[in-house]
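Protein chains get the first letters and strands the later ones, always in sequence-line order, with residue 1 at the start of each.
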Protein chains: 2
Amino acid sequence: MTTPRRDTYTPDSLLQVAVQVFNERGYDGTSMEHLAKAAGISKSSIYHHVSGKEELLRRAVSRALEGLFGILDEPPAREGRAADRLEYVVRRMVEVLIAELPYVTLLLRVRGNTGTERWALERRREFDHRVAELLKNAAAEGDVRGDVEVRLATRLVFGMINSIVEWYRPDGRTGARREVADAVVQLVLTGLRG
Amino acid sequence: MTTPRRDTYTPDSLLQVAVQVFNERGYDGTSMEHLAKAAGISKSSIYHHVSGKEELLRRAVSRALEGLFGILDEPPAREGRAADRLEYVVRRMVEVLIAELPYVTLLLRVRGNTGTERWALERRREFDHRVAELLKNAAAEGDVRGDVEVRLATRLVFGMINSIVEWYRPDGRTGARREVADAVVQLVLTGLRG
DNA sequence: AGAGTAACCGAACGATCGGTCGGGACAAGG
DNA sequence: CCTTGTCCCGACCGATCGTTCGGTTACTCT
């Protein structure tokens with residue numbers, strides 16, 4: 001029998017360390033030696049838990065993508081006026097971004113050098129497209145100003161939301177997440193409705 | 001005498017090629033072999049024009065920073081109501097971002113692994129701080145809504161503007177730059193004034 | 001034509017890259 | 001006790017990294 005032992009790494013707990021280093025140095029700028037040092041084990045020991053560097057990246061971006069796509073399956077994102085669904089999705093995106101901060105950060109920085117990275121970019125584009133349709137529908141229903149092109153507005157809104165990973169750092173304050181989400185919704189939606 | 005010859009690389013024309021590759025593969029993900037292949041010369045020839053990989057990075061981010069800091073020296077950024085100065089700076093930031101797109105793109109992706117990168121990050125923070133003060137003054141003069149914290153708003157606005165480098169690609173249309181600048185100003189400033 | 005030099009090249013440098021290998025320490029189950 | 005499997009290690013692999021070096025080509029100027 002294999003009773004799980006304590007004080008030892010699992011693929012997930014190792015991933016937690018790896019993602020942090022990836023975000024500090026960049027994926028390409030991080031060597032397995034860097035990971036080993038940060039994890040406190042030898043380089044070769046890492047390969048006991050995961051198949052290699054790219055699997056760590058794949059696990060990380062998968063987790064981020066699951067969080068984001070999960071939003072679109074939630075009922076408030078599927079029912080009601082498009083403008084209301086859009087507001088819900090924007091708010092939830094901020095929440096997921098913050099809840100899964102290091103993983104989403106890594107996802108938003110992939111460049112496309114490997115197969116895994118290109119797959120991540122493709123899934124991201126898919127998600128962006130789904131949200132863009134929401135905004136398009138809101139415009140068609142007359143809840144969004146007509147003088148700003150929808151594609152342009154989508155990109156700017158995504159830019160604002162995604163930029164959160166560049167500066168948000170968790171603190172003790174409860175409600176900090178809600179405060180950020182409120183600010184984004186205010187800025188984006190009053191700007192769009194204006 | 002040394003008359004400059006045609007059809008040969010200068011440090012600047014080589015930089016142009018290098019920055020494009022850096023933006024496609026990431027700085028750390030780009031080898032000197034990649035640069036040599038893209039430039040159509042051998043790896044060792046690159047060292048005839050520049051001292052090494054890091055000088056290319058330094059030249060690129062310097063050019064981007066000069067463009068951005070130049071905005072703050074322009075008269076409309078220095079005189080008048082803070083809200084008007086802010087609008088001017090936001091609009092010019094978009095214009096400079098687009099005019100110097102590849103260089104600013106590289107600047108915004110710097111991670112801080114080398115001395116040059118840390119210097120670039122520091123200058124960026126300095127610029128952000130200057131613009132943040134503009135927004136703070138606009139709030140003090142009553143031209144910006146009070147229910148969104150200034151630091152938070154600054155970051156979101158920067159996020160929206162900086163995200164342009166992630167999707168804007170030059171096309172033939174004249175006025176495309178102005179269109180983007182208008183959209184950003186509309187979204188940001190009506191959102192802030194709302 | 002000859003001198004000088006800018007531009008370039010292939011080969012090789014030591015260092016580091018991601019990854020492999022054989023084996024040791026240790027705990028659990030018989 | 002001994003086996004079994006987890007977890008980890010140092011040593012090492014071929015490949016690639018950024019950079020250096022000696023030398024060749026080709027153009028400019030006198």
Cut-off 3.5 Å, side chains only: do A/S45 and A/H48 have a donor facing an acceptor? no
B/D28 atom CG is separated from C/dG18 atom P, nearest whole Å, by 11 Å
Is B/K53 reaching over with its side chain to a backbone N or O of B/T30, donor-acceptor style, under 3.5 angstrom? yes
Heavy atoms under 4.0 Å, any strand shown: does A/T30 hit a base, just sugar-phosphate, or nothing? sugar-phosphate
Just to be sure I understand the rule, does B/S42 reach a base, reach only the sugar-phosphate, or reach nothing, if contact means heavy atoms closer than 4.0 Å? base
From CD1 of A/I41 across to C1' of D/dC9 the rounded distance in Å is 10 Å
I need the CG-P distance between A/L57 and C/dG18, as an integer number of Å. 13 Å
From C-beta outward on B/S45, which listed nucleotide comes closest to its side chain: D/dC17, D/dT19, C/dC8? C/dC8
Is A/R59 paired with A/E55 through a side-chain N to carboxylate O contact shorter than 4.0 Å? yes
What integer distance in Å separates A/K37:NZ from C/dC17:P? 12 Å
So, OP1 or OP2 of D/dT6: does either fall under 4.0 Å of a side-chain N or O from A/T8? no
With no hydrogens and no angle check, is any side-chain donor or acceptor of B/H49 less than 3.5 Å from a backbone partner on B/I46? no
In this structure, how many angstroms lie between the P atom of D/dT19 and the CG atom of B/L35, rounded? 10 Å
Does NZ or CZ of B/R109 fall inside the cone over B/Y27's six-membered ring, less than 6.0 Å from its centre and within 45° of the axis? no
What is the distance from OH of A/Y47 to P of C/dC21, rounded to the nearest Å? 12 Å
Test for a donor-acceptor pair under 3.5 Å between the base of C/dG19 and the side chain of A/K43, counting only N and O atoms. yes
Phosphate OP1/OP2 of D/dC17 contacted by B/S31 side-chain N/O (<4.0 Å): yes
Closer than 4.0 Å, any side-chain N/O of A/H49 to the OP1 or OP2 of D/dC8? yes
D/dG10 base to A/S44 side chain: any donor-acceptor pair below 3.5 Å? yes
Find which nucleotide of DNA chain C each of A/E33 and A/S51 is nearest to by heavy atoms, and output the residue with the more 5' nucleotide. A/E33
Looking at D/dC7, I'd like to know if its phosphate oxygens (OP1 or OP2) sit under 4.0 Å from a side-chain N or O belonging to A/H48. yes
CZ of A/R25 versus C1' of C/dT16: gap in Å, rounded? 13 Å
Tell me: CG of B/L14 to C1' of C/dA7, nearest whole Å? 12 Å
